[in-house]
Amino acid sequence: MRKILVIESNPIYQAELSRLLRFEKYQVIRAESGMDGLIQALEKHPDLVLCDINTPDLTGYEVFEKLRSDDSTSKIPFIFLAGKTDTSSHSYAMKLGASAYLSKLVPPHELLRVIAAKLK
């Protein structure tokens, strides 16, 4: 079973994402802050990370950069989920090397399609 780390501070959105992913037979690891997400990633080595940009402690960008700088996590696909989808934020995330940058309003089927593509 593939493991997905969900780093999301909004408990309702995190629960909905987790439910969707479990329904699709993914194992879900949950973190409510950037620091907790970083620790979970370093300890549990998920197959993919879904991360909000605005997380407590560390931003999603900081989590991403720290994971990329560690040999054990540098190749994990990383998808940003953002409340704002302006072009400058999207461009910045992609310039950093993110696997994808999606709006939190993305339809579930599209999110699942992107996840499946990044896990291949």
Side-chain angles (χ1 to χ4, degrees):
M1 183 180 297
R2 307 299 289 269
K3 294 184 288 190
I4 298 179
L5 171 59
V6 176
I7 306 171
E8 172 59 54
S9 59
N10 180 311
I12 295 169
Y13 189 66
Q14 185 190 75
E16 290 193 20
L17 275 176
S18 297
R19 191 175 10 259
L20 173 68
L21 296 170
R22 285 188 183 111
F23 184 78
E24 295 296 318
K25 307 294 187 228
Y26 292 111
Q27 179 183 348
V28 179
I29 305 163
R30 294 164 57 157
E32 294 179 3
S33 71
M35 183 58 75
D36 185 32
L38 179 62
I39 291 167
Q40 295 283 357
L42 292 169
E43 289 178 357
K44 298 182 179 173
H45 299 281
D47 296 298
L48 184 135
V49 175
L50 291 175
C51 185
D52 185 13
I53 289 175
N54 296 314
T55 55
D57 300 334
L58 298 173
T59 68
Y61 297 127
E62 291 168 322
V63 172
F64 177 78
E65 289 175 327
K66 288 181 183 303
L67 291 177
R68 283 299 180 262
S69 69
D70 187 296
D71 289 341
S72 69
T73 57
S74 65
K75 301 292 186 207
I76 297 173
F78 195 102
I79 298 173
F80 283 109
L81 292 172
K84 60 179 183 177
T85 55
D86 60 274
T87 54
S88 64
S89 296
H90 179 270
S91 296
Y92 181 68
M94 300 313 289
K95 186 177 180 179
L96 286 176
S99 302
Y101 181 97
L102 302 172
S103 165
K104 287 186 178 183
L105 300 177
V106 65
H109 70 276
E110 180 64 14
L111 175 61
L112 293 171
R113 184 193 68 73
V114 172
I115 289 170
K118 300 306 176 186
L119 287 173
K120 285 188 177 181

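- Here the side chain of E62 pairs a donor or acceptor atom with the backbone of T59 at under 3.5 angstrom.
- Transitive grouping of hydrophobic side chains (ILVMFWY, heavy atoms separated by less than 4.5 Å) brings L20 and V106 into a common cluster.
- Under the 4.5 Å side-chain heavy-atom criterion for Ile, Leu, Val, Met, Phe, Trp and Tyr, I4 and L17 are members of the same hydrophobic cluster.
- No donor-acceptor pair closer than 3.5 Å links the side chain of K44 to the backbone N or O of I29.
- Under a hydrophobic-cluster definition in which Ile, Leu, Val, Met, Phe, Trp and Tyr are linked whenever side-chain heavy atoms come within less than 4.5 Å, directly or via other members, V6 and I115 are assigned to the same cluster.
- When the side chains of ILVMFWY residues are joined at heavy-atom separations under 4.5 Å, either directly or via intervening members, L42 and V28 end up in two distinct hydrophobic clusters.
- A 4.5 Å side-chain heavy-atom check between Y13 and L81 finds at least one atom pair inside the cut-off.
- With salt bridges taken as basic N to acidic carboxylate O contacts below 4.0 Å, one links E110 and R113.
- For the atom pair NZ (K118) and CG (L48), the distance works out to 9.5 Å, reported to the nearest 0.5 Å.
- Among L102, I7, V114, L111, the one residue that satisfies the side chain to side chain contact (heavy atoms under 4.5 Å, CB included) test with L50 is L111.
- With values rounded to the nearest 0.5 angstrom, L21 atom CG is found 11.5 Å from Q27 atom CD.
- The one candidate from L96, L38, I53, V49 that meets the side chain to side chain contact (heavy atoms under 4.5 Å, CB included) condition with F64 is L96.
- From K3, atom NZ reaches atom CD of Q40 across 10.5 Å, with rounding to the nearest 0.5 Å.
- Atom-to-atom distance recorded for E16:CD and E8:CD is 10.5 Å, nearest 0.5 angstrom.
- Using modelled atom types, one side-chain atom of S99 and one backbone atom of F78 make a donor-acceptor pair closer than 3.5 Å.
- A continuous path of Ile, Leu, Val, Met, Phe, Trp and Tyr side chains, each step under 4.5 Å between heavy atoms, connects L58 with L67, placing both in one hydrophobic cluster.
- Within a 6.0 Å sphere centred on NZ of K66, other residues, nucleotides and ligands contribute 12 heavy atoms or fewer.
- No side-chain donor-acceptor contact under 3.5 Å links Q14 to the backbone of S9.
- Closest non-hydrogen pair, G97 versus R68, comes out as O-NH2, 4.2 Å.
- Note that CG of L112 and CZ of F23 are 10.0 Å apart. Values are rounded to the nearest 0.5 Å.
- Side-chain contact between L5 and I76: absent, with no pair of heavy atoms (C-beta onward) separated by less than 4.5 Å.
- Between F80 and Y101, the two ring planes are tilted [angle within 30° to 60°].
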